[in-house]
Amino acid sequence: METSNIKQVKEGKAEILYKTSRDVFYNPVQEFNRDLSVSVLKLFNYNWMKKVEEKKGKQKSEENLRKDSIVDEHQGSDLEDVLIQTRIERKALEPGKICEDGVALLEALAASGLRSIRYAKEAGGFRSIIANDLSRAAVESMKTNIEYNEVSHLISTSENDATALMYQRRRRADRFDAIDLDPYGSPTPFLDAAIQSISDGGLLLVTATDMAVLCGNSQETCFYKYGSLPLRTKACHEMALRILLQHVQSFATRYGRYIRPILSVSVDFYIRIFVQVFSGNRECKRTASETAMGFLCTGCETQSFQYLNTVSIENNNEKFGRTTGPPVSSSCKHCGSSHHIGGPFYMGPLHDQSFLRDLLNNIKTDPEPLGTVKRLEGVLTMAMEELSDVPFYYLLDQMSSKVKVTMPTAKQFRSAICNAGYRVSMSHCAQNSIKTDAPPSFLWDIFRELAKDIRNKIPNNVADAILSKPMEHTIDFTENKLAIPESQLKKLVRFQENPERNWGPKHRAKISLQASEEEKRIRNQGKKKRKMTNDSDATVVDDSENMKD
């Protein structure tokens, strides 16, 4: 459907309509974001229904199920799992259908409604979906698109302030089971209301696009927005994820709640986290033990961290204690430089490996592949490969530049780490990333081994300070098969090139819907020349009026 006044955008199974002169806020680069969110919600909804069925118990006797030949088809499987799976299937978790015991979702900042429409048409298991926006024009656009996609029975629209709407749903019986926050910039204004209006075990999907702030370009702005001081480190994208997770965690613990990240990704110009929210004072006490301040050397950029609390097990009971520190002296032991301090940072796992495994399997076996399926497979495989208990990473090219040594190959560097008995992986956040439990002294020894022939010949204080120190470890560069990740062997799409011309977060959405970028370019051609002509005409008129006087 396309006329001179109406244009159509198709993504997944959804189609949205918009007028060319009144463009709906739509960014095609965010298709990966929406594909990922659809995939996560499919699995989350299934797991949600599984727990609902577990609570309800068996609805049919084992004998009746045997008559349907269900158990016979699953010989060797756990009977209880078979029964639960069968009941879920009979609940008709089909996209576009209302599931009475399903998930109630709120898209707080829906704009065109594309995301909600895709959820309704591609992920089953929803009880209801509310697509909310403060803009009246956006809500009218949503209504048109919802009717056009024939999902008005499942999606209802709301013209309301997002925080006000969520605060109205704080009662346990009224809470949402999933809340999607995809704002322009920081999600901070919406987090307190979201934490209070999400059900126990519910899912928060949160996006932040103010990456310059989160990555350390303005530490004072980051502190007042997120309550954390960022460090100017090359691991800035993982740092952004950990700052946001710590920020969400801080809101949750105020109300005796805590978060469990199931997936956290840094992609393109934004970060996206998927966290479940639970209640429990005991678990809230552990959050200090998952939080740390960071110390970054101003010379060699070696990272050190000071956890805020300790936890130990005594007689099957958890015992919390204070930490001692700091973990560094006034000068770096590797190069002698001073340190910058930052934080607090969330230091727990970024992903739930079990959830990731199921998610990746669902994406691979989906009979109707998503538009960005290749990139989804690559990013999620890399996320699974990451060392979950090792926060932050180094960049190989950055370390090489510090000591003025030709950068070794990633395989060579990782092999040296593996051969010494340490673990190593890449990070999905950056190419040439090194995430390892090897101490920094070992990493610098690798460069000392590489730089043996040029030691003490480099006119650089940091490089000379590092390379002049004696080696503490034996370095073996023999190729190790563990140094080559699965994502690399399979040649998966891991780091995408620029997807389109002038790509990025686009302009901030406004109450009045704006014209397209191309229309703006055409309209603004010769704008300065027209202004100069108008100014000169006005001057001539003024002169003529003066002559009359």
Side-chain angles (χ1 to χ4, degrees), residues 1 5-19 21-27 30 33-34 37-38 41 45 95-100 102-171 173-184 187 189-190 193-194 197-199 202-207 506 508-514:
M1 176 180 178
N5 295 324
I6 301 293
K7 280 196 174 182
Q8 185 178 18
V9 172
K10 180 174 174 56
E11 184 180 291
K13 293 184 179 180
E15 299 177 19
I16 61 170
L17 309 175
Y18 65 92
K19 295 181 180 180
S21 60
R22 300 179 67 200
D23 193 9
V24 173
F25 185 75
Y26 170 71
N27 190 349
Q30 288 272 42
N33 183 327
R34 290 182 283 267
S37 301
V38 167
L41 278 168
N45 289 4
K97 288 190 176 182
I98 296 176
C99 184
E100 295 298 334
V103 171
L105 179 137
L106 168 68
E107 185 186 2
L109 309 158
S112 66
L114 171 61
R115 193 180 292 260
S116 290
I117 293 170
R118 288 200 59 188
Y119 291 161
K121 299 190 74 171
E122 299 177 43
F126 286 109
R127 182 170 78 250
S128 65
I129 297 175
I130 296 178
N132 176 75
D133 204 284
L134 185 60
S135 164
R136 179 167 299 177
V139 173
E140 290 302 318
S141 173
M142 277 192 279
K143 290 179 178 178
T144 300
N145 289 319
I146 289 169
E147 291 178 4
Y148 182 76
N149 285 273
E150 301 178 346
V151 287
S152 55
H153 62 289
L154 188 55
I155 304 176
S156 58
T157 60
S158 168
E159 183 186 337
N160 206 339
D161 177 85
T163 54
L165 176 61
M166 288 186 283
Y167 278 131
Q168 292 170 6
R169 304 288 290 267
R170 286 179 293 175
R171 290 177 64 244
D174 299 331
R175 291 177 178 175
F176 298 104
D177 304 314
I179 298 177
D180 193 326
L181 298 174
D182 188 24
Y184 186 97
F190 312 101
S197 59
I198 192 81
S199 62
L203 182 68
L204 277 183
L205 306 86
V206 184
T207 302
K506 305 297 183 186
R508 181 187 293 272
K510 298 181 179 179
I511 297 298
S512 59
L513 300 177
Q514 299 296 312

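- For Ser141 (side chain) and Ala137 (main-chain N/O), no donor-acceptor pair under 3.5 Å exists by modelled atom type.
- Judged as a side chain to side chain donor-acceptor pair (under 3.5 Å), and not counting sequence neighbours, the contacts of Glu122 are Arg118.
- For Leu204 against Ala194, the heavy-atom pair with the smallest separation is CD2-CB, 3.9 Å.
- Annotation for Ala162 and Asn132: closest pair CA-ND2, 3.7 Å, computed over non-hydrogen atoms.
- Across all their heavy atoms, Lys121 and Val151 have their closest contact at CG-CG1, 3.7 Å.
- Note that CD1 of Ile117 and CG of Leu154 are 11.0 Å apart. Values are rounded to the nearest 0.5 Å.
- Considering only heavy atoms from C-beta on, Asn145 comes within 4.5 Å of Leu17 through its side chain.
- Looking at Ser197, its side chain never comes within 3.5 Å of a backbone N or O of Arg170 through a donor-acceptor pair.
- Each salt bridge (charged side-chain N to carboxylate O under 4.0 Å, His left out) pair with one or both residues in residues 148-169, not counting sequence neighbours, appears once here: Arg136-Glu159.
- Side chain of Asp177 to main chain of Ala104: a donor-acceptor pair is present (N/O by atom type, distance under 3.5 Å, no hydrogens or angles).
- The only member of Thr144, Thr157, Asn160 that meets side-chain contact (heavy atoms from CB on, under 4.5 Å) when paired with Val139 is Thr157.
- Between Gly102 and Arg127, the closest heavy-atom pair is O-NH1, 2.7 Å.
- Among all heavy-atom pairs drawn from Ser116 and Ile155, the shortest one is O-CD1, 3.4 Å.
- Counting only heavy atoms from C-beta outward, the side chains of Met166 and Leu181 approach each other to under 4.5 Å.
- The structure places OG of Ser158 at 4.5 Å from CG of Leu165, a figure rounded to the nearest 0.5 Å.
- A distance of 11.5 Å separates OG in Ser199 from CG in Asp174, rounded to the nearest 0.5 Å.
- Phe190 places a side-chain heavy atom less than 4.5 Å from the side chain of Leu109.
- Between the CE atom in Met142 and the OG atom in Ser152 there is a gap of 14.0 Å [rounded to 0.5 Å].
- Looking at Phe126 and Ile98, their side chains never come closer than 4.5 Å, going by heavy atoms from C-beta outward.
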Check: Passes side-chain contact (heavy atoms from CB on, under 4.5 Å), Leu41 versus Leu105? Steps please.
Finding: CA-CA 10 Å; Leu41 278 168; Leu105 179 137; 3.7 Å; yes
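- Here the straight-line distance linking atom CG of Asp182 with atom CD of Glu107 works out to 7.5 Å at 0.5 Å rounding.
- Residues Asp133 and Ala111 come closest through the heavy atom pair OD2-N, 2.9 Å.
- In this structure, Asn149 contributes its side chain and Glu15 its backbone to a donor-acceptor pair below 3.5 Å.
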